[in-house]
Amino acid sequence: MLKKVVLVAICLAFGVGLFVLLSRIAGAAPTGNRAAGLDVHKANCAKCHGAGGKGDGPAGKLLKTKPADWTDKAKMSKMSDSDLFRVIKEGGGAVGKSKLMPAWKDKLSDGQINDVIAFIRSLS
């Protein structure tokens with residue numbers, strides 16, 4: 001009987017641990033550094049996306065298709081970090097979004113892209 005209780009307790013502990021791990025992976029915070037992402041944003045993204053990420057930068061105001069408003073929680077919650085990574089790295093056209101969003105793969109490292117994603121996530 002004691003062995004059965006111990007086995008059930010181990011199984012429950014394993015199940016709870018697995019659940020917690022998978023939950024953290026699914027809803028994990030971006031791996032980048034928000035402060036470093038802000039610096040990358042100021043140097044490369046603010047022209048279109050605006051200083052506060054609302055899509056209202058000086059160049060963005062001139063575009064027919066307005067840049068994404070990163071402060072829009074409803075819209076941003078529909079995009080995973082991997083979606084954002086691909087948009088930034090490959091450009092909007094690569095993911096069915098505006099072709100005016102350039103690919104940054106030749107200018108930004110993967111780490112810098114993750115930093116930008118951390119900054120973007122801090123806005124919504």
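Throughout, residue positions are numbered sequentially from 1 according to the sequence presented.
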Got a salt bridge between K78 and D83, using NZ or NE/NH1/NH2 to carboxylate O under 4.0 Å? no
So, taking the atom named CG in L62 and the one named NZ in K47, what distance separates them when rounded to the nearest 0.5 Å? 14.0 Å
Is there side-chain contact between R121 and D81, with at least one heavy-atom pair below 4.5 Å? yes
Rounded to the nearest 0.5 Å, what separates atom CG in D56 from atom NE2 in H49? 11.0 Å
So I120 and I88, side chain to side chain contact (heavy atoms under 4.5 Å, CB included) or not? Walk me through it. CA-CA 12 Å; I120 291 169; I88 296 167; 4.2 Å; yes
Are any of the side-chain heavy atoms of V95 and M101 separated by less than 4.5 Å? no
Heavy-atom closest pair (G32 atom, D115 atom, distance to 0.1 Å) is CA-OD1, 3.4 Å
Report, as yes or no, whether the 6.0 Å neighbourhood of atom NZ on K99 holds more than 12 heavy atoms from other residues, nucleotides or ligands. no
Could you check if a side-chain atom of K89 sits within less than 4.5 angstrom of a side-chain atom of D110, using non-hydrogen atoms only? yes
Heavy-atom pair of closest approach, residues C48 and P67: O-CG, 3.3 Å
Compare every heavy atom of A74 with every heavy atom of S77, then report the nearest pair and how far apart it is. OG-O, 3.0 Å
Donor-acceptor check, side chain of H41 to backbone of G52, threshold 3.5 angstrom: yes or no? no
Nearest heavy atoms of K107 and Q112, plus distance in Å: O-OE1, 3.9 Å
Taking all heavy atoms of T65 and all of S98, pick out the closest pair and write down the distance. CG2-CB, 3.9 Å
Can you name the nearest heavy-atom pair linking F85 to N114, along with the distance? CD1-OD1, 3.6 Å
Given side chains that start at C-beta, do those of L84 and M76 come closer than 4.5 Å, heavy atoms only? yes
Atom CG of N33 and atom CG of L38: how far apart are they, to the nearest 0.5 Å? 10.0 Å
Flag yes if more than 12 heavy atoms outside K66 fall under 6.0 Å of its NZ atom; otherwise flag no. yes
Spatial distance of atom CE (M79) from atom OG (S124) [nearest 0.5 Å]: 11.0 Å
Hydrophobic clusters here meaning ILVMFWY residues chained together by side-chain heavy-atom distances under 4.5 Å, can you tell me if L100 and V87 are in one? no
Between W70 and F119, what is the ring plane arrangement, given parallel below 30°, perpendicular above 60°, and tilted in between? perpendicular
